[in-house]
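Since we're looking at a predicted model, the values are computed, not measured.
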Amino acid sequence: MAKITVNPAFKVGDISPRLYGTFVEPIGTIVNGVMYNPKHPTADEQGFRRDVIDVLKEAGMKYVRLPGGNFVSCWNWKDSIGPKEERKTHLDMAWYQYITNEVGHDEYLQWAEKCGAEALYTINMGTGDMQSAIDLVEYTNHEGGTWWSDLRKKYGHEKPYGVKLFYLGNEMDGPWQLGSWDKDPRGYGVRVNETSKACKWVDASIETVVCGSSAPFMAHFPEWDETVLTECYESVDYISVHHYHIAPPGDLKSLLGGSVYYEDFINTEVAMLDLVAAKLRTPKKVMISFDEYASMMRPLREPRPGYGYHNMVEDHYKFDPNRQYILHDPDNMKHFQFPGGDMVHALTLGGTQLAFLRHADRVKIACYTSGIGALCASDHDHVWKSASYYVLTQLMKYGHGVSLQVAVDCERFDIPGYAIDDNSQYTGKKNLPYIDSAAAYDEESGDFTLFVINRHETDAMPLELDMSAFEGFKLDKHIELYSDDFEAKNSYEEPDKVVPHDSKAAKLEGGRFVTEVKPLSWNVIHFSK
């Protein structure tokens, strides 16, 4: 038996709708194939796949971070505007590919418009300079009457795009990043301070994001972040952090319990932010943008002598004369699917999002790295909905208002410590609850939603929720996402192998709600006043 207690008086913080964002970067065929293919039967006048756009609009995708990613640190946006025949093809040194710029600055923003989404735009702070950033904001957002804003009009977009959020660089602390500020956090902080200040003088309505640590395993975390923020705290609004949680193959406990490592990362970052604010004697609170995240299983790598930072640098300072640059043909897209059934990806997505909801007071943006695929699974010809589609769209629909504290009493499990490689070394965790949960309460509409994951691999669990503090509420539905076959995958041919159903076990009587949650299941329990 699991028991959950929630009270509307115990609030965490307002839930930002930007928590349910996605992330796009031209790696492989994500842009050239999924987003853009002028030969596709559904291609519009710009070469964008309408089938993909239609599914993303139906899903309600409202926020998308683009155009990268590592890619932007050697990308000159000015070479990607204007007539396509005059655009320059460049080497993308991040991913060893040719960038033809057929999809350029304007196309990225116009694709987001067609999807009904707000673009969260990343600016090159690697090889790019401050003037380029100023010009980009002017071209993108200024009404007219200047060289850059009039050039936007000349190229076919009369009105400003109105981008409201700009990332000032991507993973700038990483030695893998072109133009990395790994060895000079103060220099990066000063550059961001001046760039953010100038961009906001171009458009005072925008918000800016400074890069924090690319992973909690960086040898300089959190000192690097502190040094950076000390120089630019008053001019930025968010700090960007990334994490890709990895578990050993077959270890579902470590994979599904991995949300605790996201929470450790968030707690450390919050402490660092508040320390800098205290040092600067400022009442301002900088918030967190968790704008790249995903969880996966990966084989362990044998640790090498000389752990840590040296080996990370060594990995990225190898210069292979046999490595070839690739030109991705959008009409020759190879279908790729991550290993494992749909449910494993749905549960890791859901678990990470529940961690963000539990920290909704400080985490205000989150962009799922596999978000486009989660909302619109696709191959060369077709689109369909994976199980992750239902998790993310249910969070968008029900996860609004304020986040409430959730107390869970249930059976617990341990995760042993493990090392994926020299750098990704996870400490062991004890007494994690099998029931993972978060709650959203919208006082205005009278909606209360409890999100629940049963992380137990074999056992269904009776669940009781104390509703005594929610007088006058009625049960609307208990939606469960579960499959007897954990390896099952949806496909174009079989789109309904893993789909949500209404639970028949749910009952609300006398302020006491009871139900049963199946093993390895995602559950949305919705009440209204």
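Listed by chain and residue number, Trp522 satisfy the side chain to side chain donor-acceptor pair (under 3.5 Å) test with Gln394 (two or more places apart in sequence, or in another chain). In terms of the ring-ring contact (aromatic ring centres under 6.0 Å, His included) criterion, Trp95 has no residue partners (sequence neighbours excluded). Evaluation of the side-chain contact (heavy atoms from CB on, under 4.5 Å) rule for Ser424 yields Phe217, Ile420, Asp421, Tyr426 as partners, not counting sequence neighbours. Remark: Trp224 engages Tyr188, His220 in a ring-ring contact (aromatic ring centres under 6.0 Å, His included) (not counting sequence neighbours). Listed by chain and residue number, Asp106 satisfy the side chain to side chain donor-acceptor pair (under 3.5 Å) test with Tyr139 (two or more places apart in sequence, or in another chain). The side chain to side chain donor-acceptor pair (under 3.5 Å) test applied to Ser180 returns no partner, not counting sequence neighbours. Considering only residues two or more places apart in sequence or on other chains, Lys285 meets the side-chain contact (heavy atoms from CB on, under 4.5 Å) condition with Asp274, Met287, Arg362. Here His359 pairs with Glu263, Ile266, Asn267, Asp361, Val363 under the side-chain contact (heavy atoms from CB on, under 4.5 Å) rule; sequence neighbours left out. Take Thr140 and apply the side chain to side chain donor-acceptor pair (under 3.5 Å) test, not counting sequence neighbours, and it matches His105. Val72 is linked by a side-chain contact (heavy atoms from CB on, under 4.5 Å) to Pro67, Thr122, Asn170, counting only residues two or more places apart in sequence or in another chain.
For residues 201-211, the set of pairs meeting the side-chain hydrogen bond (donor to acceptor under 3.5 Å, both in side chains) definition, not counting sequence neighbours, comprises Arg18-Glu207, Asn141-Asp203, Lys164-Ser205, Ser196-Thr208, Asp203-Ser205, Glu207-Tyr238. For residues 12-35, no residue pair satisfies the ring-ring contact (aromatic ring centres under 6.0 Å, His included) rule, not counting sequence neighbours.
For NZ of Lys284, the number of neighbouring non-hydrogen atoms (other residues, nucleotides, ligands) closer than 6.0 Å is greater than 12.
In summary, the aromatic rings of Phe356 and Phe290 are positioned with their centroids under 6.0 Å apart.
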